[in-house]
Amino acid sequence: MSFLSSFLYFYGADNFKELSLFLILMPTVLGILSFLVSSNAQRRSIIFIGSIFHFLITGILVLTLANRDLYAVSNFPVLILNSFSGNIENAVFLSVVSLLFSGASFYSLKYLKLEEKNIRKDDEGFLINDEPEAVFTGFMMFFLSAMTLVCFSAHMGLLWAAVEATTLFSAPLIYFHRSRRSLEATWKYLVVCSVGIAIALLGTFFLSLSGGKSGGSLYFYDIISQAKNFNPLWLKLSFIFFFVGYGTKMGLAPLHTWLPDAHSEAPSVVSALLSGALLNCAFLGIWKSYSFMRIGGLGEFSSSIMIFFGIFTVFISALFILNQKEYKRALAYSSVENMGLMCLLLGISFYVGREAEKLVFLSAIGHSLIKSGMFFIAGMVLFYYKSKKYAEVGPMFSKTPFTAGMWFLGFILLSGAPPSPLFFPKLFIFKFMLLGGKYFISALMIFLFIIIFAGLGKIFYETIFSGANNLQEIKEDKTILFPSLSFFSISIFIFFAFFYFSRGIK
Amino acid sequence: MIIILLVCVLFLSFSFLNLFLSSYSNINKINSFFSFLLSAAGLFACAAGLISQGSFLPFKSQFINNYFYFDYLSHFFLLIFYISLSAVSLYSAGYLKKTEGKKSLNFFWFNFYLLAFSMQAALISKNSVLFILFWELMAFSSFFLVMTDFHKKEVRKAGFIYMCANGAGALILIAAFSLYSDSYYNFSVSSYPSAVFFMTLIGFGLKAGFIPLHIWLPEAHPAAPGNISALMSGMMIKMGIYGILRTLSLLSPWKESWGWTILILGSLSAVLGIIFSLGQKELKKFLAYSSVENIGIILIALGLAILLNCNGYYELSVIALFASLFHIFNHSIFKNLLFMSAGAIAQSASTLIFEELGGLSKKMPYTAFLFFIGASAASGLPLFNGFAGEFLIYYVSFSSIGFKSGTFSVFAVLSVSLTGALALASFAKIFSALFHGGLKNENHSDIKDPSLYMLLPMGFLAFMSLLAGLIPYLPFKLLFSSFNFAFTQSSQWISVSKYLLMTTCSYCALIMFFLAFYYMRKRISKENETKEGITWDCGYGTSLPSAKYSAASFSQPITEFFSFDGQRSRSYPKILEYFPKSAFYSGNTRAVFYELFYAPAAKKIKKAASRLSFIQSGQLRFYILYIFLTLAALLIWKI
Amino acid sequence: MHIISQFLILAVIFCDFFLLSSYSTFELVKFAALQGVLTALLPLMAAEHFAAEGIAFALSVILLKGFFFPFVLRKLIVKNNAYEEKKREYSGALSIAVYLFVFFVSVWLSIKLDLEVKSLSWIIPASFMTIFSGLFLIILRTQTVSQIVGYMVLENGIYCFGSAVFVQQPLMVEAAILLDIFVAVFVMGMAVFHIGKEFNNSDSENLNELREETGQEADI
Amino acid sequence: MENIKIFFQILVIFSLAPILPGIINRVKAKFAGRQGRSIFQLYFDLYKLINRGMVYPKVSGIIFKMAAPSVLAFTAASAVIMPFGGQSGLLSFSGDFLLIAYFLAFSRFLLILSAMDTSSAFEGMGASREAQFAVFAEPVFFMSMLTLSRITGETSVYGIFSKLSPDLWIQNAPVLSLITGSLFILLLCESSRVPFDDPDTHLELTMIHEVMILDNSGTDLAFMLYASYLKFWIYASFVSAIILPRHSDFFFSDSFIYMSGLFFTSVAAGVTESIMARVRLLRVPQFLLAAFSISVMAFVFQAVKG
């Protein structure tokens with residue numbers, strides 16, 4: 001076993017570049033292939049094989065991180081990263097994307113089969129016929145390749161193009177069910193995100209301008225090395241535009257309006273990927289510009305914005321979760337809240353020191369895993385009970401006990417109770433707030449967390465315990481929930497690993 | 001202490017074993033037998049540990065040591081836990097017999113073992129992260145237990161309030177524990193003692209249930225099945241007190257303001273708790289409020305201990321601490337007993353509303369006798385163990401009245417005496433409403449005493465209550481001598497134990513008097529025979545059972561005087577003609593705190609939240625406007 | 001060279017005026033296309049030497065924005081009979097007010113950022129104007145087609161800003177950005193096509209089902 | 001010698017208890033201008049009742065049958081703990097007033113239960129009113145005990161009474177007089193004399209204490225009556241020990257002074273009974289709260305001065 005891992009390790013480190021290129025292009029090729037292939041069953045197997053393959057290669061590449069000093073070659077100006085040494089966040093987000101995608105592909109194997117037979121009415125009574133599966137599988141693979149490109153891009157312009165590509169490829173996925181409401185959600189998603197991303201493009205131009213009158217180069221390597229002598233005014237402007245641009249894509253408070261619609265109308269596989277993987281990629285943009293600001297000496301400026309918007313996002317999402325009627329929208333708002341928390345944590349990590357960024361990784365991984373697991377279950381709940389409103393969902397405790405158990409376990413993990421990795425970020429935020437003497441804000445945060453717990457609790461509580469139980473017996477399919485079960489157990493394992501290894505952060 | 005750890009692990013393994021086993025026939029008997037066995041083993045280990053006091057030395061293996069510790073405090077609470085757990089587990093074998101057929105009880109037993117495991121583990125965990133993990137485990141498993149029969153509407157409402165209270169409490173605890181400066185997340189000294197203290201007070205208060213934070217208690221206990229409400233009220237409330245004691249033991253220099261807050265909170269919840277319980281119409285809700293009252297008494301003793309410590313009278317403050325611990329011990333015994341007998345009544349009479357019950361003493365003599373012991377212990381009457389705790393509180397406050405700053409003991413004495421009198425009135429009402437008079441409705445004719453499984457633990461607890469009542473010195477010495485042996489030589493300890501012995505001999509005098517008079521009466525009545533007659537009814541000759549003075553009318557003068565909102569939502573017809581055909585009177589006390597404070601606040605928050613929903617107005621154009629406005633705001637604000 | 005670029009910039013600014021004030025979608029598409037062509041020509045005028053790929057790039061942009069997009073959008077307008085924008089009585093005055101507001105904001109911004117390009121004096125305010133007018137087009141118009149046009153105008157503005165500050169990107173990135181814009185407009189077009197099929201008129205009024213109801217709060 | 005004295009005390013208590021209510025009846029009669037019953041009339045009633053047979057209501061359970069002896073046992077036990085006017089009672093120890101108070105509370109608890117056991121409406125009404133009075137009476141008792149123990153620095157009734165002395169009276173006369181006033185009101189309420197409850201009324205709806213023992217008969221009734229006389233003795237001895245604190249070490253003179261103190265309190269009770277009418281039922285809580293505020297004022301005076 002050790003020989004194999006060392007072989008893989010050297011192999012990965014040697015031709016990092018070829019492997020990463022292969023990783024980006026392979027899904028696109030498979031996507032085109034799925035358009036050509038005739039039968040649906042083959043298409044589903046394509047997705048599955050592609051995602052497993054993608055996951056294996058990512059594993060090899062991430063493994064190269066294990067031994068940093070061996071390959072400390074700095075990434076000289078090239079479009080695609082040739083080693084993760086400089087930026088660990090890319091590696092973390094890439095591994096999350098590929099893990100989520102493999103889970104989603106396993107889930108969609110069964111889900112698409114179920115959807116095929118399941119002819120049901122739209123809310124207005126129109127018959128829903130779904131998009132041809134070719135479109136779905138194709139765009140899923142394009143979506144995967146776009147997200148991999150985001151994680152690998154070493155050039156801000158390329159990063160922008162990749163994030164724009166993810167938006168465009170995910171739009172048709174939201175429109176899978178072809179109902180009026182999903183059409184409206186797609187349209188809003190497209191316009192709001194494209195406008196946001198356009199503003200981010202403006203930010204990229206400002207960033208290059210701050211490099212010098214004639215426009216500095218936008219390679220990470222160049223920016224990081226010369227960040228100190230950038231023009232501070234332009235750098236600030238570029239951060240603001242980046243923050244608003246990628247913030248729209250990431251779903252921060254006033255710009256989050258598209259997120260609940262897109263997540264509640266998209267099929268649960270897509271909303272799991274949107275919530276788990278896509279928001280992280282958008283967050284990567286802000287993370288990069290934040291690190292430029294920190295190197296450029298303007299860290300204080302950027303972290304104050306991020307802290308303010310973090311708290312504002314938690315505030316808005318708390319208020320919207322409270323009166324929420326549909327469980328999928330509630331899950332979407334809890335993603336908004338978690339993104340606010342991550343933004344707040346990154347802002348705090350400026351004051352406390354770099355290793356606080358470990359907590360941002362923890363909250364990113366934890367949230368993506370748990371949230372995508374929850375969306376898988378939400379998909380099944382929607383399939384069993386045919387309604388998105390929690391009042392109309394029957395008592396799951398007696399009708400579908402296994403799903404109810406998973407549903408409640410997910411709620412416990414989401415609420416930040418100890419077995420969930422989201423516990424440490426909360427603990428750390430309180431520690432920073434209270435030690436920093438900001439008593440009012442910490443009291444407000446406690447109050448908001450309680451409201452979120454009560455709001456979410458109400459929804460999960462009503463779906464599990466109350467509801468019109470006149471429905472006929474439901475044959476429960478346990479194996480389809482295997483991905484969410486594995487995601488939950490991975491996140492609980494991460495909690496104990498983090499608790500054991502981290503010797504606490506001052 | 002290997003035994004206790006072993007018992008913990010076994011409980012965990014049993015819980016998961018239960019989940020996977022299919023539901024076999026006598027699931028209850030086997031499960032309850034095993035849990036009884038385990039808790040009995042734990043009890044002996046704990047008792048041996050307390051007496052020999054040799055068991056507090058740390059573990060050999062380092063891994064266990066930096067996550068768990070066995071000091072006096074956790075030992076004491078473990079002892080109480082094992083007592084109530086062994087009683088409840090034996091009791092639930094009988095209690096669940098009725099529901100055996102209907103639905104599979106695997107999930108119930110899974111949660112039962114999980115609850116037991118998490119409580120034990122929380123008591124011995126030194127690490128704050130692990131503590132919150134077990135705390136949440138306890139909260140959620142007890143939530144599921146409360147929800148066993150979730151098809152009833154009010155059980156669902158109670159369950160939701162219970163879950164929110166637990167969630168809020170856990171979040172506040174997370175905030176409080178973040179201030180501990182130890183890098184291994186262990187409990188340790190913190191640089192902001194009063195911030196930590198007040199947050200932990202609120203966090204654990206939500207679990208202990210004193211007045212402002214008690215709204216879930218009268219909802220959750222009646223909703224839970226009999227054996228679970230016994231375990232919850234007997235032990236889970238004490239976990240809140242354990243938390244407060246644990247934090248106090250960590251924050252070394254106590255402050256006067258802490259003592260005063262706890263004292264005032266304690267006396268408030270003692271007096272208000274018992275006043276609310278007077279107005280109740282249902283037995284379990286009444287017992288829940290009386291738990292709030294007893295928690296108040298425990299806090300009064302704790303407040304006294306802190307205040308005495310701050311003023312420098314260390315020995316007396318240790319005695320006050322003993323008073324609160326002793327009352328915790330006594331309360332968990334008689335409260336378990338009361339809830340179990342309530343469960344027995346509920347099982348056979350299937351209703352716990354006072355108006356519908358009556359005359360049970362003829363049909364259920366044993367339960368009546370055991371309930372009498374529990375009721376008189378709960379109202380703090382001398383022969384039973386409720387009195388011993390209060391006696392210590394009185395002793396401490398009277399001996400501290402002479403000090404210059406002794407005014408706080410006035411607070412304590414007044415609230416305890418007022419609570420004592422009110423408790424006497426309320427338990428008299430309960431006992432007479434349930435057990436005296438004739439049977440109210442005919443379908444109660446098949447009521448009979450519960451099975452042996454249920455009577456045995458109740459008998460055991462009644463015996464313990466009598467023992468601790470008659471000879472208070474015995475449990476006092478057993479429980480507290482191992483606090484630190486040096487203390488047992490101090491003057492205060494000697495005087496207290498002397499006075500406890502004196503109470504015992506005054507009880508002997510009492511019993512001697514009673515026997516003398518009883519014998520005298522027997523001798524006299526031998527000559528002239530005793531006849532049976534009807535009660536005096538001014539000659540109408542119609543002694544129908546419904547003419548009995550009902551519970552609501554018994555407590556009407558007191559609740560009338562103490563009712564805050566005046567119109568105690570009463571309803572009775574206006575009698576116009578001279579010979580009114582029929583009249584009725586129905587009045588119920590509202591859950592004052594919940595309806596006047598929490599529910600309107602929740603409505604306001606919800607209205608504010610819904611007012612903000614215009615942001616998600618559905619118009620794409622406004623969404624783009626928001627982007628533009630945020631951009632403009634940032635530009636103006638930051639550049 | 002200098003004068004021609006000066007005229008080009010003025011033309012861009014006037015295009016903004018017509019875009020903001022016109023209410024027929026055909027005119028909107030026409031002026032947006034014109035503006036696209038003008039902004040494509042700008043870098044050629046400004047740059048001293050004519051690099052080969054620069055010309056090829058500009059030609060492809062002209063081809064794309066000048067001819068292909070209007071063709072697609074015109075077909076859409078005909079398909080969804082989205083000819084006319086609902087005129088409200090205040091709409092005339094409002095568009096003038098918005099135009100002036102946009103003008104002053106962009107001038108204020110360019111002065112504040114002290115970014116004056118010697119060779120092309122008015123290019124920075126022009127690009128800001130186009131960006132903001134693109135934004136306001138999306139905000140003010142209810143026809144989905146005109147919202148696509150608003151997005152195109154926004155892209156023109158950014159492109160114009162990029163060319164103004166001589167941001168020389170590696171060709172691959174320029175191509176990627178252009179490709180993205182093309183795909184974005186194309187996908188939006190597809191979406192509007194589906195909206196048309198679904199609601200048989202592509203007015204965005206009937207697209208407001210997904211919102212938070214106020215009032216009915218669930219009790220605790 | 002010591003236990004002879006104790007034996008004498010117990011003998012005196014148990015034999016002279018019924019005399020005090022007899023004195024009250026005689027004083028009331030004198031005020032009304034009539035001859036009135038003899039002081040020893042109550043002894044004859046007790047003797048008559050003890051030898052009568054008993055009638056138990058069909059509905060009543062075991063509580064009713066066991067109530068009478070236990071009520072008497074509790075009151076007798078608390079009487080025994082009471083110090084005999086300055087000298088120690090049978091067993092006195094710190095906190096013994098607690099046992100006295102709670103033994104009396106237990107006897108009241110049993111009285112209420114036995115009343116409710118007969119399930120008659122009148123007894124129920126009396127029991128609920130008794131419970132209400134107890135709620136307001138208990139704080140008065142403890143508040144005055146607090147003040148007394150703060151004055152004398154002792155924590156047991158025996159210690160307090162032995163510490164009370166004339167010169168102590170001179171130092172804090174106002175406080176002690178207030179305490180005697182509140183204790184006297186407590187005496188009237190606890191032993192259900194006129195301002196609170198009329199012992200010899202016939203209307204079931206108006207009496208409180210009497211109605212609770214309505215259904216007792218024969219020996220039970222005798223026990224109940226004797227228990228109420230003992231209770232009167234206990235509360236009266238509180239008042240007398242405060243107003244006449246004489247401590248010459250000579251036993252007989254002390255006990256004589258203590259007995260005269262009891263005589264004066266019962267006369268005072270008789271006088272108040274004849275000059276005051278019954279207080280309306282709703283006013284009783286206010287009356288007791290007045291006594292409570294008197295003792296609180298006493299405590300504040302003492303705390304400020306002390």
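Order of the sequence lines sets the chain letters (A, B, ...), proteins ahead of strands, with each chain counted from 1.
Between the CZ atom in Phe628(B) and the CZ atom in Phe136(C) there is a gap of 4.0 Å [rounded to 0.5 Å]. In this structure, the separation between CG on Leu620(B) and OG1 on Thr144(C) is 10.0 Å, given to the nearest 0.5 Å. Here the straight-line distance linking atom CD1 of Ile139(C) with atom CD1 of Ile624(B) works out to 7.0 Å at 0.5 Å rounding. Interatomic distance, CG of Leu135(C) versus CG of Leu631(B), reported as 8.0 Å (0.5 Å rounding).
Within a 6.0 Å radius of CZ in Phe622(B), no more than 12 heavy atoms belonging to other residues, nucleotides or ligands are found. In this structure, Phe26(C) places its CZ atom where more than 12 heavy-atom neighbours from other residues, nucleotides or ligands lie under 6.0 Å away.
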Could you tabulate the donor-acceptor pairs under 3.5 Å formed by side-chain atoms of residues 201-211 of chain B, not counting sequence neighbours?
residue: Lys207(B); atom: NZ; partner: Tyr162(B); partner atom: OH; Å: 3.2
residue: Lys207(B); atom: NZ; partner: Asn166(B); partner atom: OD1; Å: 3.2

In a table with atom names and distances, give each donor-acceptor pair under 3.5 Å that connects a side chain of residues 182-189 of chain C to protein atoms at least two apart or in another chain.
none

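Proximity of Arg621(B) to Leu140(C): side-chain heavy atoms (C-beta onward) are nowhere separated by under 4.5 Å.
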